[in-house]
Amino acid sequence: MAVDLLLGLQWGDEGKGKIVDVLTKNYDIIARFQGGPNAGHTLEFDGIKHVLHTIPSGIFHEEAINVVGNGVVIDPVIFRKELANLSQFEIDIKSRLLISRKAHLILPTHRLLDAASETAKGKAKIGSTLKGIGPTYMDKTGRNGLRVGDLELSNWKDKYRALADKHEAMIHFYNVDIQYNLQELEAEFFSAIETLKKLTFIDSEEYLFQAQKEGKGILAEGAQGSLLDIDFGTYPYVTSSNTTAAGACTGLGVAPNQIGKVYGIFKAYTTRVGSGPFPTELFDEDGATMGRVGNEFGATTGRPRRCGWLDLVALKYAVQINGVTHLMMMKSDVLSGFETIKVCTAYHYQGKKISHLPYNIEASNVTPIYTELKGWEQDLTKMNSEDQLPKTLMDYIEFLEEALEVPIQIVSVGPDRTQTIHRELAVS
Ligand code: IMP
């Protein structure tokens, strides 16, 4: 059976957690393939909001096995907090949450290095979540990292020490004022490692290979968004992993010819948290309204998200790079009440009109060209079928489908599981 993928198509925070939760009933296994606790996947059901950072979003479904793949980076301290938050539910964590031995560990000094690097950058900072993501992936590609599987070896603490000492020297090199008590941080880390060691470690690529052979349904869950991809995002204002479809192959060990459906998730407008170019960003009342109505604050850092109109040029690029087969439009309800809805359909770039994403989309290079559509007044949050949706919203949907050449299968009209409209489409 093919492995289906679910990815964010913008700058993250598209609502992947909610959709994985909605789709999980169709799958036996949910597998995270990249990123770490920089992600904040929000799920809402039974009137309660749950935020997951590293644990896959299928964890609340009794039947689903959840795999943390080799492409993920794990902070044992944050992981332990996530587990503590789950303790109120009767989840058999030992059998339902499996961790790849090849996943890399985030050390306390990785977090400190992240802070030192950002401080040293001053105004040019990436706006990192400061969870140590960049430094951990640097050690991975630099062939110095500490992996989950190392914890099963007797000498893992030697490896830890050598790495942490190197990091301390690097922190001094940055020559910035970072206050920390490494002894305290290490005590917390070592104690969290003991909790981690109680979980089930697996050779996840082999596990997934066998599961596929047995005909199990697997959904690969991405984190962040395509425009934060280390290769295809708005570099250097990106995260340090491949958030795009190819990342699922390397982050889980799934062969490219085994990929089935690719679900691409986007918001009906655009948001971004952290620094970096954002051509359709709004600095006016419309942007403030999106932020307020959409409750646009980071699930991990609490930072307000920057808001703007939908950028169809960037979205088309993400659809192409990922080979998206099914689209899901989130937060449609947030646009209710806007008289006019704008969509960026092209850019002015170096004196020309272009409709692809160029090398550099800084404000000094590109000016968005908008198409205006009529908005809708109705509150969508209680609607539960396509035939209830306002005509002008359907016009918006059709406009996007025509430009993107991919059908929109789900229209989300609120944060809860139940506020999800499945459209009848020709594709299954
Ligand atoms: P890092 O991955 O924490 O180093 O952050 C790099 C950039 O990606 C920053 O602009 C972050 O705000 C952004 N970022 C990282 N994770 C997420 C996420 O889950 N949602 C949205 N933005 C994110």
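Throughout, numbering of the chain's residues begins at 1 and tracks the sequence.
Using a 3.5 Å distance cut-off with no hydrogens or angles, the side chains of His167 and Thr109 do pair a donor with an acceptor. A donor-acceptor pair shorter than 3.5 Å cannot be found between the side chains of Asn38 and Thr300. A side-chain donor from one of Asp311 and Tyr347 sits under 3.5 Å from a side-chain acceptor of the other. Residues Tyr27 and Asp4 bring a donor and an acceptor atom of their side chains to less than 3.5 Å of each other. A donor-acceptor pair shorter than 3.5 Å can be found between the side chains of Lys18 and Thr420. With hydrogens and angles left out, the side-chain atoms of Ser117 and Asp114 include no donor and acceptor closer than 3.5 Å. A donor-acceptor pair shorter than 3.5 Å cannot be found between the side chains of Gln409 and Tyr263.
Using a 4.0 Å cut-off between a side-chain N of Lys or Arg and a carboxylate O of Asp or Glu, Arg423 and Glu386 qualify as a salt bridge. Salt-bridge formation is not detected for the pair Glu194/Arg80: no Lys NZ or Arg NE/NH1/NH2 atom is positioned less than 4.0 Å from an Asp or Glu carboxylate oxygen. By the 4.0 Å N-to-carboxylate-O rule, Asp21 lies close enough to Arg417 to be salt-bridged with it. Using a cut-off of 4.0 Å between Lys/Arg side-chain N and Asp/Glu carboxylate O, Glu221 and Arg32 are scored as not salt-bridged. A salt bridge links Lys316 to Glu405: one of the charged nitrogens lies within less than 4.0 Å of a carboxylate oxygen.
His50 is listed as a side-chain neighbour of Phe89, based on a closest heavy-atom distance under 4.5 Å. You'll find the side chain of Val343 reaches within 4.5 Å of the side chain of Phe399, heavy atoms only. Considering only heavy atoms from C-beta on, Gln224 comes within 4.5 Å of Gln34 through its side chain. Looking only at side-chain heavy atoms (C-beta outward), Arg96 and Asn66 come within less than 4.5 Å of each other. Side-chain contact check for Trp376 versus Ile341: some heavy-atom pair is nearer than 4.5 Å. In this structure, the side chains of Leu112 and Leu185 come closer than 4.5 Å at one or more pairs of heavy atoms. Using a 4.5 Å heavy-atom cutoff, the side chains of Lys331 and Val293 are not in contact. Counting only heavy atoms from C-beta outward, the side chains of Leu282 and Tyr269 never approach each other to under 4.5 Å.
Only one option out of Ile202, Thr54, Thr200, Ile74 pairs with Ile99 in a side chain to side chain contact (heavy atoms under 4.5 Å, CB included); it is Ile74. Partner of Leu393 under the side chain to side chain contact (heavy atoms under 4.5 Å, CB included) criterion, chosen from Glu398, Gln378, Met329, Met383: Met329.
Ring centers of His41 and His53: at least 6.0 Å apart, outside the cut-off. Between Phe338 and Trp309, the ring centre distance stays below 6.0 Å. Taking the six-membered ring where the residue is Trp, the centroids of His356 and Tyr317 are separated by 6.0 Å or more. Phe189 and His110 have their aromatic ring centers separated by at least 6.0 angstrom.
Here the closest heavy-atom approach between residue Leu208 and residue Ile218 is recorded as O-CD1, 3.8 Å. Residues Cys249 and Ala255 come closest through the heavy atom pair SG-C, 4.3 Å. Contact detail for Pro56 and Val68: the closest heavy-atom pair is CD-CG2, 3.9 Å. Considering all non-hydrogen atoms of both residues, Asp333 and Ser412 come closest at OD1-O, 3.9 Å. Closest non-hydrogen pair, Ser95 versus Ile65, comes out as O-CD1, 3.4 Å. Nearest heavy atoms, Thr280 versus Pro368: CG2-CB, 4.3 Å.
From Leu52, atom CG reaches atom OG1 of Thr42 across 8.5 Å, with rounding to the nearest 0.5 Å. Interatomic distance, Gln212 CD to Asp28 CG, rounded to the nearest 0.5 Å: 12.0 Å. With rounding to the nearest 0.5 angstrom, the NE2 atom of His104 is 10.0 Å from the CG atom of Asn144. Interatomic distance, Leu97 CG to Ile59 CD1, rounded to the nearest 0.5 Å: 5.0 Å. Atoms CH2 and CZ, on Trp156 and Arg161 in that order, are 10.5 Å from each other to the nearest 0.5 Å.
Residue pairs meeting the salt bridge (Lys or Arg N to Asp or Glu O under 4.0 Å) criterion with at least one partner in residues 99-113, sequence neighbours excluded, are Asp75-Arg111, Arg101-Glu152, Arg101-Asp203, Lys102-Glu205.
Without hydrogens or angle criteria, Glu63 side chain to Lys25 main chain gives no donor-acceptor distance under 3.5 Å. Here the side chain of Asp150 pairs no donor or acceptor atom with the backbone of Leu146 at under 3.5 angstrom. Using modelled atom types, one side-chain atom of Thr136 and one backbone atom of Gly132 make a donor-acceptor pair closer than 3.5 Å. Listed for the Thr392 side chain is a donor-acceptor partner under 3.5 Å among the backbone atoms of Gly375. In this structure, Arg147 contributes its side chain and Asn70 its backbone to no donor-acceptor pair below 3.5 Å. Within the 3.5 Å criterion, the main-chain N or O of Thr244 finds no donor-acceptor partner in the side chain of Asn322. A side-chain donor-acceptor contact under 3.5 Å links Tyr396 to the backbone of Ala268. Between the Ser275 side chain and the Ile126 main chain, a donor and an acceptor come within less than 3.5 Å of each other. At least one donor-acceptor pair under 3.5 Å links the side chain of Tyr137 to the backbone N or O of Gly35. Remark: the backbone N or O of Tyr370 is not paired with any side-chain donor or acceptor of Thr345 at under 3.5 angstrom.
Taking the six-membered ring where tryptophan is involved, the planes of Trp11 and Phe278 are tilted, since the angle between them lies from 30° to 60°.
The salt bridge (Lys or Arg N to Asp or Glu O under 4.0 Å) test applied to Glu214 returns Lys216, not counting sequence neighbours. Every residue two or more places apart in sequence or in another chain that forms a salt bridge (Lys or Arg N to Asp or Glu O under 4.0 Å) with Lys166 is listed here: Asp139.
By the neighbour-count criterion of 12 heavy atoms within 6.0 Å, atom CD of Glu90 is sparsely surrounded, having that number or fewer from other residues, nucleotides or ligands. In Phe209, the CZ atom is not crowded: 12 or fewer heavy atoms of neighbouring residues, nucleotides or ligands sit closer than 6.0 Å.
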**Request:** Report the C-alpha distance between Asn242 and Thr250 in whole Å, list the side-chain angles of each, state the deciding distance to 0.1 Å, and finish with yes or no for side chain to side chain donor-acceptor pair (under 3.5 Å).
**Result:** CA-CA 9 Å; Asn242 282 114; Thr250 55; 5.4 Å; no
**Asked** When you look at Ser336 and Asp379, which way does the side chain to side chain donor-acceptor pair (under 3.5 Å) test go after all the steps?
**Response** CA-CA 6 Å; Ser336 289; Asp379 172 11; 5.6 Å; no
**Request:** Verify salt bridge (charged side-chain N to carboxylate O under 4.0 Å, His left out) between Asp395 and Lys374, making sure each step is shown before the conclusion.
**Result:** CA-CA 9 Å; Asp395 292 344; Lys374 236 171 129 6; over 6 Å; no
**Request:** Using the salt bridge (charged side-chain N to carboxylate O under 4.0 Å, His left out) rule, take Arg303 and Glu296 through it: C-alpha gap first, then chi angles, then the decisive distance, then the call.
**Result:** CA-CA 9 Å; Arg303 292 180 289 179; Glu296 295 294 356; over 6 Å; no
